[in-house]
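These notes are about the structure you will find just below.
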Amino acid sequence: MMTQTQENEVTDYLIFQELPLDILLEVKDHMLSQIADIQLQKKLDFENAFLNVKKSWDGEFKMVSYFLFSPAEIPLIVKKIIKEKFNVLLKKSFIIGLVFFGINLLLIYLSKSQEEYRIFFRLLNGLFLLTMGMVWFFNIKIWKYMRTDFKYKGKCFYTLYQQNVGLMVIVTISMLQLLGKNGHYAYQFFRTQNTSEIAGTLITLLVPFILQSSMIFTLLNFFEHKKTLKRMQNFLQSADN
């Protein structure tokens with residue numbers, strides 16, 4: 001039977017490896033199971049069994065660069081998990097973004113005038129800003145867990161989704177700027193067959209799509225972060241006591 005002190009030693013080792021807490025807890029469970037198996041099979045004490053396990057995991061903790069996630073190097077295992085999870089979220093974001101892209105095209109054809117489409121265009125993009133504002137307002141309790149300077153024991157992130165705030169701010173500011181536009185190039189292209197401004201039309205269609213997809217991505221990240229924090233609630237409460 002492993003003691004609490006021995007479990008804490010494994011935890012401290014993984015904190016030293018700079019794993020986000022959600023990944024850390026998963027790795028910790030695997031390590032504890034491996035240590036117990038080695039102790040049983042090889043008749044070793046905890047320290048020697050733990051040493052064997054650390055050697056088997058050593059390659060996973062090698063520090064590598066991943067500039068899309070962090071300017072600083074991160075453990076290889078974290079990079080693998082981030083790429084896997086974020087690829088899924090990106091696909092979902094672009095699929096939902098395509099739905100809103102279709103809605104935008106529909107609004108062009110439903111609008112009776114350029115002025116009416118301008119209102120629809122701003123309402124559609126304003127909906128994203130309203131959603132973002134409501135998400136932040138109704139999740140005040142976890143604001144501190146979104147800050148990149150708020151770390152578990154001052155050393156590791158709480159979840160791999162925690163570095164999401166910077167992207168949220170950039171996308172929100174960009175969406176605010178988009179509200180000042182009216183989408184007239186796209187309206188003229190589809191409703192009046194004005195093909196003299198192809199570049200303007202592409203920008204008018206693609207920029208909202210990219211910003212909307214990016215905001216959806218940040219929102220999906222936020223909800224994954226919140227869900228992960230909820231799963232770790234018991235651990236966090238016991239750690240604070």
(message) Counting the benzene-type ring for Trp, do Phe223 and Tyr161 have ring centres under 6.0 Å apart?
(response) no
(message) Treating Ser213 as the side-chain partner and Ile210 as the backbone partner, does any N or O pair qualify as donor plus acceptor under 3.5 Å?
(response) no
(request) For Gln39 and Asp45, test the side chains for any donor-to-acceptor distance below 3.5 angstrom and give the result as yes or no. (result) no
(request) Compute whether any side-chain donor of one residue and acceptor of the other, for Trp57 and Gln34, lie under 3.5 angstrom apart. (result) yes
(message) Looking at Ile15, is its backbone amide N or carbonyl O close enough to the side chain of Glu18 to form a donor-acceptor pair, meaning the two atoms are under 3.5 Å apart?
(response) no
(request) Would you confirm whether the ring centroid of Phe121 sits within less than 6.0 angstrom of the ring centroid of Tyr187? (result) no
(request) Kindly compute the distance separating CG (Leu236) from CG (Leu21), expressed to the nearest 0.5 Å. (result) 6.0 Å
(message) To check you understand the geometry: which heavy-atom pair defines the closest contact between Leu220 and Leu89, and what is its length?
(response) CD1-O, 3.9 Å
(message) Looking only at the aromatic ring of each residue, does the gap between the centers of Phe94 and Phe217 stay below 6.0 angstrom?
(response) no
(request) In plain terms, say whether Lys85 and Glu224 are close enough for a salt bridge, that is, a side-chain N and a carboxylate O under 4.0 Å apart. (result) no
(message) For the residue pair Asn104 / Tyr117, report whether a side-chain donor-acceptor contact shorter than 3.5 Å exists.
(response) yes
(message) Which residues pass the salt bridge (charged side-chain N to carboxylate O under 4.0 Å, His left out) test with Lys54, not counting sequence neighbours?
(response) none
(request) Carefully, step by step, assess Phe222 and Asn139 under the rule side-chain contact (heavy atoms from CB on, under 4.5 Å). (result) CA-CA 10 Å; Phe222 184 94; Asn139 290 280; 3.6 Å; yes
(message) Could you check whether any side-chain heavy atom of Pro20 comes within less than 4.5 Å of a side-chain heavy atom of Thr159, counting everything from C-beta outward?
(response) no
(request) Using atom types as modelled and distance alone, determine if a side-chain donor or acceptor of Arg122 lies under 3.5 Å from a backbone N or O of Lys181. (result) yes
(message) Given 3.5 Å as the limit, does a donor-acceptor pair link the side chain of Trp136 with the main chain of Thr131, or not?
(response) no
(message) Using ring centroids (six-membered ring only for Trp), state whether Tyr158 and Phe150 fall under 6.0 Å.
(response) yes
(request) Using distance alone, with no hydrogens and no angle criterion, decide if Asn194 and Ser196 have a side-chain donor and acceptor under 3.5 Å apart. (result) yes
(request) Answer yes or no: is there a donor N or O on one side and an acceptor on the other, between the side chain of Gln162 and the main chain of Tyr145, under 3.5 Å? (result) yes
(request) Verify, without hydrogens or angle tests, whether Gln6 (side chain) and Met2 (backbone) share a donor-acceptor contact under 3.5 angstrom. (result) no
(request) Search all heavy atoms of Phe101 against all heavy atoms of Leu205 and return the closest pair with its distance. (result) CE1-O, 3.7 Å
(message) For Ser111, is there any backbone N or O sitting under 3.5 Å from a side-chain donor or acceptor partner on Arg191?
(response) yes
